[in-house]
Amino acid sequence: TKDWNGIDQVVLRSPHGASARVSLYGGQVTSWRNDHGEELLFTSSKAIFKAPKAMRGGIPICFPQFGNGGSTELHGFARNKIWMIEDSPPPLHLNDSHGKSFVDLLLKPSDDDMKCWPHRIFVIPSSFEFRLRVSLAADGVLNMISRIRNVNGKPFSFSFAYHTYFSVSDISEVRIEGLETLDYLDNLCQKERFTEQGNAITFESEVDRVYVSAPNAIAILDHEKKRTFVIRKEGLPDIVVWNPWEKKSRAMGDLGDEEYKQMVCVDGAAIVRPITLKPGEEWTGRMQLKVVPSSFCSDH
Ligand code: BG6
């Protein structure tokens, strides 16, 4: 099928009715639905479905940088590029295709991308291949595996995030568990470092943080919907938590004034210590999303 830009998108389906959509624009997952057809990812009603801006919602990929570390392109260029479908990618070490519906995408850089690679904290790279596999398991679990390879020349560094917009019923009823006692960099205080004091993260104003070295499983509890998202990650040490709250939402053209209540961004990420790849080296970053009824979530 086609997405909003007339660009191809791929629909993945599970035998029990779950589905996911992946656009070749940005390699962005734009929808993830459970067996009952309920949408689990947030998309703004004011989202601009038009290049050159990533659509506000789903899972845009931030690469080669999260934030604006030296380049003009906030969150990197990958989310604004057209990716290709790759029929036979190099094999993954882990067997990720068994019983799953999946798609393999590939992004290779253009010369222009190289010009806006962030050089302040990064070495200018030669060239890379970015392979993304998105798969949907029979039980509706969504898996994303990114493989980034330095294909020639000099070493380069990057930061990365799966900028995941979860759909929630009411942000004031949401708790995030698994980040307690961790250090975080607060984007609202010039990236100053603090230590999380609460038992769980709750929301009563704007939050824009990078939690450092987070555990590999964390949970978002949606009290009103009685469901929990479980995020598992590998190769992604950090977790971003973002909600723009009221004032910032009003200032954003592609987010409704009240829509901050229905979303929370929680990203599996590698930000605090950028990843450096020598020529020929490859990095893998994996995120798995699962939704469970709240009564069954004590084992996350
Ligand atoms: C967050 C950043 O993760 O992403 C915010 O920390 C930023 O500062 C937000 O506003 C959204 O970014 P964008 O480019 O999608 O509007």
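Counting convention: from 1, in listed order, for ligands and their atoms alike.
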- Evaluate the side-chain hydrogen bond (donor to acceptor under 3.5 Å, both in side chains) criterion for residues Thr195 and Asp183: first the C-alpha distance (whole Å), next the side-chain angles of each, then the deciding distance (0.1 Å), finally the verdict. CA-CA 4 Å; Thr195 302; Asp183 279 7; 2.8 Å; yes
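- Taking the six-membered ring where tryptophan is involved, the planes of Phe158 and Trp283 are perpendicular, since the angle between them exceeds 60° and thus also 30°.
- Comparing Met252, Arg56, Met55 by heavy-atom distance to atom 16 (O) of ligand 1, the nearest is Arg56.
- With a heavy-atom cut-off of 4.0 Å, Arg79 touches ligand 1 through its side chain alone.
- Note on Asp104 versus Arg133: salt bridge recorded, some NZ/NE/NH1/NH2 to OD/OE distance being below 4.0 Å.
- In terms of N/O distances under 3.5 Å, ligand 1 is approached by His163.
- A salt bridge is defined here as a Lys NZ or Arg NE, NH1 or NH2 lying under 4.0 Å from an Asp or Glu carboxylate O, and Arg209 with Glu196 meets this definition.
- Side-chain atoms of Cys265 and His163, non-hydrogen and from C-beta on, do get closer than 4.5 Å to each other.
- The option with the heavy atom closest to atom 8 (O) of ligand 1, from among Asn187, Val207, Asp267, Asp208, is Asp208.
- From the protein, the heavy atom lying nearest to atom 10 (O) of ligand 1 is Lys248 NZ, 3.2 Å.
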